[in-house]
Amino acid sequence: MSEGHLTVREWLSAQATTVRVTSALLARTVIHLYRTKLHQVPWDRRMFADGHPGGHIGWTMPGFVRKWPARIIAAHRRGKPAEF
């Protein structure tokens, strides 16, 4: 290796190390966020009227988002439980 230049092998090794470190940091960050920020809310029959019939796509409906997640986030910021 000449000064200031990496060989292909050295570059690949450095990139693999960077990816491992970044992945580990990301994993720790995601775990921390899930433990401290994620609020599981069980499906409720009232959600159906707001466009969430259950399953994997209803939570994206604008009416549902306005009423449910938006209220949960706003209440959390005020330090109070959400009311529906």
Side-chain angles (χ1 to χ4, degrees):
M1 176 179 109
S2 61
E3 190 174 326
H5 298 282
L6 295 176
T7 65
V8 170
R9 175 177 278 170
E10 290 164 333
W11 182 84
L12 289 173
S13 176
Q15 292 304 311
T17 301
T18 302
V19 168
R20 280 196 302 273
V21 168
T22 303
S23 295
L25 178 60
L26 179 61
R28 284 195 308 270
T29 302
V30 168
I31 290 168
H32 173 74
L33 290 173
Y34 268 90
R35 288 181 179 159
T36 60
K37 302 290 183 185
L38 179 66
H39 300 276
Q40 292 286 351
V41 178
W43 187 83
D44 184 294
R45 290 179 187 191
R46 296 173 295 167
M47 294 176 178
F48 188 86
D50 296 314
H52 186 355
H56 297 284
I57 61 168
W59 63 271
T60 62
M61 298 303 190
F64 175 78
V65 172
R66 271 191 302 275
K67 184 167 182 183
W68 295 85
R71 285 187 183 183
I72 292 169
I73 292 167
H76 180 74
R77 287 183 178 165
R78 291 189 307 268
K80 298 180 180 182
E83 295 179 16
F84 296 97

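Residue numbers count from 1 along this sequence.
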Which heavy atom in G58 sits nearest to a heavy atom in P53, and how many Å separate them? CA-CD, 4.0 Å

Is the number of heavy atoms from other residues, nucleotides or ligands within 6.0 Å of CG (L33) greater than 12? yes

Taking only residues two or more places apart in sequence or in another chain, which ones pass side chain to side chain donor-acceptor pair (under 3.5 Å) with R66? none

Does W59 have any side-chain contact (heavy atoms from CB on, under 4.5 Å) partners at least two apart in sequence or in another chain, and if so, which? H52, F64

Residue list, salt bridge (charged side-chain N to carboxylate O under 4.0 Å, His left out) with R71, at least two apart or on another chain: none

Pairs where residues 41-50 contributes a residue and the test salt bridge (charged side-chain N to carboxylate O under 4.0 Å, His left out) is met, not counting sequence neighbours: D44-R46, D50-K67

Determine, using the 4.5 Å side-chain heavy-atom cutoff (strictly less than), whether W68 and I73 are members of one ILVMFWY cluster. no

Among residues at least two apart in sequence or on other chains, which ones pass side-chain contact (heavy atoms from CB on, under 4.5 Å) with V65? none

Residue pairs meeting salt bridge (charged side-chain N to carboxylate O under 4.0 Å, His left out), one or both in residues 52-63, sequence neighbours left out, come to none

